[in-house]
> 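One structure is given below, represented as structure tokens, and several questions about it will come after.
Only heavy atoms go into these numbers, but all of them, side chains included; no hydrogens, no water, no symmetry mates.
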Amino acid sequence: MDYKKVAIDIIKAIDQDNIIAAAHCATRLRLVLKDDTKIDQAALDNNPGVKGTFKTNGQYQVIIGPGDVNFVYDELIKLTGLSEVSTEDLKKVAENGKRFNPVMAFIKLLSDIFVPIIPALVAGGLLMALNNILTAQGLFGAKSVIQMYPQFKGLADIINMMSGAPFTFMPILVGVSAAKRFGGNQYLGAAMGMIMCAPSLITSGDAAATMAAGKMAYWHIFGLNIAQIGYQNSVIPTLAAVYLLANLEKFFHKKLPSALDFTFTPLLAIIIAGLLTFILVGPVMRSVSDGITNGIVWLYNIGGFVGTGIFGLLYSPIVLTGLHQSFPAIETQLISNIGKTGGDFIFVIASMANVAQGAACLAVYRLSKNQKMRGLASSASASALLGITEPAMFGVNLKLKFPFFCAIIAAGVASAFAGFFQVLARSLGSAGFIGFLSVDVKSIPMYIVAELLSFVVAFVLTYLYGKKNAHLVDPVPVASASDQTKVEQKAATLATKELKLNDEVIGAPLTGKAESLTEVNDKVFSAKLMGSGAAIVPASGEIFAPVAGTITVAYETKHAYGIKSDNGAEVLLHIGIDTVELKGKFFETEVTQGQKVTKNQKLGSFDLEGIKQAGFDPTVMIVVTNTNDYASVERIKAQEVMQGDQLVSVTVRN
């Protein structure tokens, strides 16, 4: 790579006067710009030295690749005269001058609290769906499965018990997550949640009937009659109670001397927050919660299929603003009150929108003759159809514009169809083709039809429009078939002569849970812009060489390594997401650039718990950055892997 030329091309595409500050991490340039509209996106998209671009958190990021990014950054700094800054400093620059937006701040708060507990709610909801399959009549015949096969009744009963637990004890889940977000002790948050759904309390659903029968139990405190009503399934009352608890805890930490702090801060915080919750905070917030739920149900009922169609049309644009991050809080409320609401319509609409974006992206794959675009579109469309749309939306559809608009039209049509047949979800889950698992059993057929409708409309609209406007799909003309063949033959010859590639297997560099790269919470890796490979959620803090070869990259921040294997594979090991911001804290290395290593030789170590407590995702990415030199790079199917196990197979072209 001609680093200076790539830097010059990037500066020309962005405009030197438009750059405020620049930094880099292991794989990409991170830039803060004055005006994003001045970017010549087409020039960057068609630059062979640029693997992709995207914007996040006020930073415009240009993906170069491990090793190369250092030199491109150095050239960019020389050419522009900018001062070198760290990624942490760059983040401050990006945030500087931004006006505080209370709405977005509130949405981020809800997202921070509810995203971590979604897996528990998904598990409970899918168990609920499984129970419905076993007990619903008319699904497989006139009788239910357990009526036809009584031996499955015990299984259905235990599944039903397990499915209800995450929702019944919702305050505990919310308490733990909210306490962490509000800066309090997570275990005190859990304790407050337990208090709010204690078995001795009357369940909130039975409260009205108990009062009507004159059997309500009360606590008589300070002349007040406090109803012994619990907050099972509650969300908003728990948020308010834990917010109060966390602030009381912080207050007493400051005011009490250290000798008394450890013992009396938890006691005082819990007793005061608990009393105020049952006396005032709980009843008020329950009324607010009921009002919000009733309002959402009213809007759904009054809007009908027209309302769901409009919501479907707007869902993807809402994702662009980040407002969708508040939806889990609303969906949780709908699902926990399923007897009143009937289910969650937002999940269904999200599924229609996701499938539409995936279908539009797949149409781009069929239309484009640009190998770079085809490679991105093929992987991004697959992940979108399964519910992860960021690579498809940001990497393909929004860049070309027309696929995005074709997709939102399809989402509107399919959402209106689903709304007409009142398709509702009973749980959270993967909002895509496999989302039928979360849908009410009786609605599954119409859900599948709606998904197919979304897919077909998006694909056909995008394909037909793109066929008539080929210049929009590939703005820069591609070489003729004969020229392209010559280029490919030359590339194949060079690969054979210079790289001398052989089939090989890349081992697991550490012990943990193996995952697909598409599951990683980083657009660059999940969209496979750096190449194919695998990811591991680490169970230990030591990392070893997955192949025998030479260390090509050993970063000062010690969070990433590049190794070129003796057989030609160029492997990037990236420990954690955005961990470059830690500036080497929690990391130790035992190798240097240019050093020869043997397979399973220790490269370094990291403090796994320290990284987590600092708020970073410790997932380790193992990427073959020269994936295009191979016929295939595939993750060997495995869940739990031990260090040294076979992880990724690479196969050369014949």
Side-chain angles (χ1 to χ4, degrees), residues 103-104 106-107 110-111 114 118 125 291-338 340-360 384-385 387-390 392-393 397-398 403-433 435-436 438-440 443-444 446-458 461:
V103 174
M104 293 306 296
F106 180 68
I107 288 170
L110 291 178
S111 174
F114 284 95
I118 284 177
I292 292 173
T293 302
N294 292 336
I296 292 170
V297 173
W298 178 80
L299 286 173
Y300 174 73
N301 291 332
I302 201 73
F305 74 93
V306 175
T308 57
I310 294 172
F311 193 5
L313 194 70
L314 297 176
Y315 186 85
S316 291
I318 288 172
V319 170
L320 300 181
T321 68
L323 291 173
H324 70 295
Q325 295 177 4
S326 64
F327 290 165
I330 301 171
E331 293 180 87
T332 302
Q333 193 75 11
L334 292 172
I335 292 168
S336 62
N337 291 280
I338 202 164
K340 182 190 299 183
T341 64
D344 175 12
F345 63 91
I346 297 176
F347 174 86
V348 176
I349 291 170
S351 297
M352 301 304 137
N354 291 348
V355 167
Q357 293 294 336
L385 294 174
I388 303 170
T389 57
E390 283 80 3
M393 282 178 58
N397 296 349
L398 278 171
F404 179 78
F405 291 104
C406 291
I408 65 174
I409 292 171
V413 173
S415 296
F417 179 89
F420 182 81
F421 288 97
Q422 297 184 323
V423 178
L424 297 169
R426 298 184 65 88
S427 73
L428 299 176
S430 178
F433 265 129
F436 70 89
S438 300
V439 174
D440 185 77
S443 296
I444 288 177
M446 288 299 102
Y447 175 87
I448 294 173
V449 173
E451 290 282 51
L452 292 173
L453 180 63
S454 180
F455 181 92
V456 171
V457 172
L461 284 179

> Could you pull out all residues at least two apart from V456 that satisfy side-chain contact (heavy atoms from CB on, under 4.5 Å)?
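Per chain and number, V456 pairs via side-chain contact (heavy atoms from CB on, under 4.5 Å) with V460.
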
> Would you tabulate the side-chain donor-acceptor contacts of residues 299-306 under 3.5 Å, counting partners in other chains and residues two or more places apart, or write 'none'?
{"unit_1": "N301", "atom_1": "ND2", "unit_2": "V297", "atom_2": "O", "d": "3.2"}

> Could you state the interatomic distance from CG (L313) to CD1 (I349), rounded to the nearest 0.5 Å?
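Those atoms lie 11.0 Å apart.
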
> Sequence neighbours left out, what passes side chain to side chain donor-acceptor pair (under 3.5 Å) with T308? Give chain and number order.
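For T308, no residue satisfies side chain to side chain donor-acceptor pair (under 3.5 Å) once neighbours in sequence are set aside.
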
> Please name the pair of heavy atoms, one in F417 and one in A450, separated by the smallest distance, quoted to 0.1 Å.
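Result for this residue pair: CD2-CB, 3.7 Å.
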
> What pairs of residues pass the side chain to side chain donor-acceptor pair (under 3.5 Å) test when at least one of them lies in residues 346-358, not counting sequence neighbours?
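Output for this query lists S316-Q357, S351-Y447, Q357-N397.
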
> Which heavy atom of P317 sits nearest a heavy atom of F404, and at what distance?
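Nearest heavy atoms, P317 then F404: N-CZ, 4.0 Å.
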
> Which heavy atom of V439 sits nearest a heavy atom of S443, and at what distance?
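Taking V439 first and S443 second, the nearest heavy atoms are CG1-CB, 3.6 Å.
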
> Could you list the residues that satisfy side-chain contact (heavy atoms from CB on, under 4.5 Å) with I346, not counting sequence neighbours?
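Here the qualifying residues are F311, F327, I330, E331, L334, D344.
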
> Between CD1 of I408 and CG of L461, what distance do you get to the nearest 0.5 Å?
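Here the rounded value is 11.0 Å.
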
> Measure across G432 and E451 and return the closest heavy-atom pair with its distance rounded to 0.1 Å.
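Distance-wise, the nearest heavy atoms are O-OE2, 2.8 Å.
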
> Can you name the nearest heavy-atom pair linking A356 to A411, along with the distance?
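In terms of heavy atoms, the two residues are closest at CB-N, 4.0 Å.
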
> Any idea which heavy atoms bring A359 and A458 closest together, and the distance?
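A359 and A458 have their closest heavy atoms at CB-CB, 3.9 Å.
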
> Can you tell me if CZ on F420 sees more than 12 non-hydrogen neighbours from other groups inside 6.0 Å?
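Counting other residues, nucleotides and ligands, CZ of F420 stays at 12 neighbours or fewer.
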
> Tell me, please, which residues at least two apart from F405 pass ring pair (Phe, Tyr, Trp, His ring centres under 6.0 Å).
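F405: no ring pair (Phe, Tyr, Trp, His ring centres under 6.0 Å) contacts found.
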
> Just how far is it from atom OG of S438 to atom CD1 of I444, taken to the nearest 0.5 Å?
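The CD1 atom of I444 is 9.5 Å from OG of S438, to the nearest 0.5 Å.
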
